[in-house]
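Heads up: the structure comes next, in structure tokens.
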Amino acid sequence: ANNYTEAGRPEDAVGHWHDAGLRACGRAATLEAISHLSKARELLASLPESPENRTQELDTLTALGPALIASSGYAATEVKEAYTHALEISQMLGEDTVEYFGALSGMWSYYSSAGPLTTARKLAEQLVATAEGLGDKRLQLIARSMLADVVYNAGDFVGAVEHGRAGIALEPALAGAESDAARDDAEMMCRIWASWALCRLGYLDDARTMADAAFTHGMSRHSALVR
């Protein structure tokens with residue numbers, strides 16, 4: 001990557017910086033990943049406008065976002081900037097895409113931590129709508145867990161139960177599909193937000209049943225939330 005950069009061949013260097021950043025992410029070398037991915041982004045800015053370069057920049061920002069969160073936290077300004085730009089690019093490329101969902105998720109992560117929660121709720125509602133438009137049950141489940149999260153923290157306990165249960169209701173449609181950490185966490189968090197909300201509403205037996213289900217579910221998966 002450095003050789004292509006020094007040779008004045010940014011179009012060849014970009015992919016290598018991006019790949020180096022991904023490898024660093026895989027090793028949890030967060031600062032190294034940020035450095036490599038930022039270099040890829042810098043070089044992309046020097047290249048002509050094209051759909052291919054926009055897609056490459058979106059991929060780079062999508063990889064950069066989690067690294068920035070790991071380094072600086074969800075509410076960091078640089079996290080907002082990276083996901084704002086990713087969202088702008090994904091909107092240009094088409095809103096009914098998995099990439100748009102990913103950029104929107106990043107923005108939700110920022111606003112759910114930094115506030116205001118009204119913005120986080122609107123983003124979560126957009127996530128649900130986008131996932132439903134894509135017909136993707138896995139993304140619908142993840143979006144429901146996000147919406148349950150933000151409405152609970154906004155004090156809408158009835159809404160938290162509703163969206164938590166809506167997420168749980170999607171699980172039979174995913175039976176037999178290969179699982180992953182994001183889905184596992186969403187399945188458990190739907191139960192957790194619903195259980196906490198049920199407790200707040202005074203349904204203590206239902207809350208305990210839901211909480212037990214969350215723990216059992218989490219222990220049977222590879223969720224980092226219970227390990």
Side-chain angles (χ1 to χ4, degrees), residues 65-66 68-70 72-77 79-80 83 87 101-175 177 179-227:
L68 291 171
I69 289 171
S72 304
Y74 285 101
T77 302
V79 171
K80 180 183 180 182
Y83 280 118
L87 192 58
F101 184 93
L104 205 59
S105 296
M107 288 297 290
W108 175 87
S109 296
Y110 170 80
Y111 281 105
S112 65
S113 295
L117 288 180
T118 50
T119 301
R121 180 169 187 159
K122 289 177 182 176
L123 289 167
E125 290 168 347
Q126 283 182 258
L127 283 162
V128 171
T130 300
E132 289 177 345
L134 290 168
D136 189 318
K137 300 295 185 183
R138 174 182 170 276
L139 294 185
Q140 289 175 43
L141 170 59
I142 292 170
R144 287 290 179 179
S145 74
M146 291 172 160
L147 189 49
D149 177 336
V150 72
V151 298
Y152 176 87
N153 284 295
D156 179 3
F157 305 129
V158 172
V161 174
E162 174 191 341
H163 295 300
R165 285 175 169 165
I168 294 167
L170 290 164
E171 292 174 14
L174 294 168
S179 191
D180 60 84
R183 174 185 156 190
D184 288 346
D185 288 350
E187 289 177 348
M188 191 170 65
M189 290 311 300
C190 280
R191 290 168 170 80
I192 289 174
W193 294 120
S195 70
W196 289 358
L198 285 165
C199 184
R200 291 277 192 163
L201 292 167
Y203 299 106
L204 301 185
D205 290 341
D206 289 344
R208 177 60 182 268
T209 299
M210 187 70 79
D212 288 345
F215 184 76
T216 301
H217 190 87
M219 290 301 293
S220 68
R221 302 297 196 276
H222 298 292
S223 174
L225 295 173
V226 293
R227 298 297 179 184

For R121, the salt bridge (Lys or Arg N to Asp or Glu O under 4.0 Å) test, sequence neighbours excluded, returns E125, D156
Can you name the salt bridge (Lys or Arg N to Asp or Glu O under 4.0 Å) partners of D136, sequence neighbours left out?
-> none
When rounded to the nearest 0.5 angstrom, what distance separates CG in L170 from NZ in K137?
-> 6.0 Å
Going through the distances and angles, do Y83 and V79 end up as a side-chain contact (heavy atoms from CB on, under 4.5 Å)?
-> CA-CA 6 Å; Y83 280 118; V79 171; 3.8 Å; yes
Determine which pairs satisfy salt bridge (charged side-chain N to carboxylate O under 4.0 Å, His left out) with at least one residue from residues 193-211, sequence neighbours left out, and list them in order.
-> R208-D212
What is the minimum heavy-atom distance between E187 and R191, and which atoms define it?
-> O-NH1, 2.9 Å
Can you tell me how far the CE atom of M189 sits from the CH2 atom of W196, to the nearest 0.5 Å?
-> 6.0 Å
Got a sec, which pairs hit salt bridge (charged side-chain N to carboxylate O under 4.0 Å, His left out) with one end in residues 142-153, sequence neighbours left out?
-> E132-R144
Run the numbers on E162 and V151 for side-chain contact (heavy atoms from CB on, under 4.5 Å), then give the verdict.
-> CA-CA 10 Å; E162 174 191 341; V151 298; over 6 Å; no
Could you give the side-chain donor-acceptor pairs of residues 101-111 under 3.5 Å, partners two or more places apart or in another chain?
| from | atom 1 | to | atom 2 | distance (Å) |
| --- | --- | --- | --- | --- |
| S105 | OG | F101 | O | 2.8 |
| S109 | OG | S105 | O | 3.1 |

Given side chains that start at C-beta, do those of V161 and W193 come closer than 4.5 Å, heavy atoms only?
-> no
Kindly give the heavy-atom pair with the smallest separation between R138 and A182, and that separation in Å.
-> NH2-CB, 3.7 Å
Roughly how far apart are I192 CD1 and M210 CE, rounded to 0.5 Å?
-> 11.0 Å
Taking only residues two or more places apart in sequence, or in another chain, which ones meet A154 in a side chain to side chain contact (heavy atoms under 4.5 Å, CB included)?
-> L117
State whether the side chain of S145 and the backbone N or O of I142 hold a donor-acceptor pair below 3.5 Å, judged by distance alone.
-> yes
For residues A197 and Y152, report the shortest heavy-atom separation together with the two atoms involved.
-> N-CE1, 3.7 Å
Out of curiosity, R165 CZ to C190 SG, how far, rounded to the nearest 0.5 Å?
-> 12.0 Å
Rounding to 0.5 Å, atoms CE (M188) and OG (S195) come to a distance of 10.5 Å
For the atom pair CE (M146) and CG (L127), what is the distance rounded to the nearest 0.5 Å?
-> 5.5 Å
Go through R183 and L141 one step at a time and tell me if the side-chain contact (heavy atoms from CB on, under 4.5 Å) criterion holds.
-> CA-CA 7 Å; R183 174 185 156 190; L141 170 59; 3.9 Å; yes
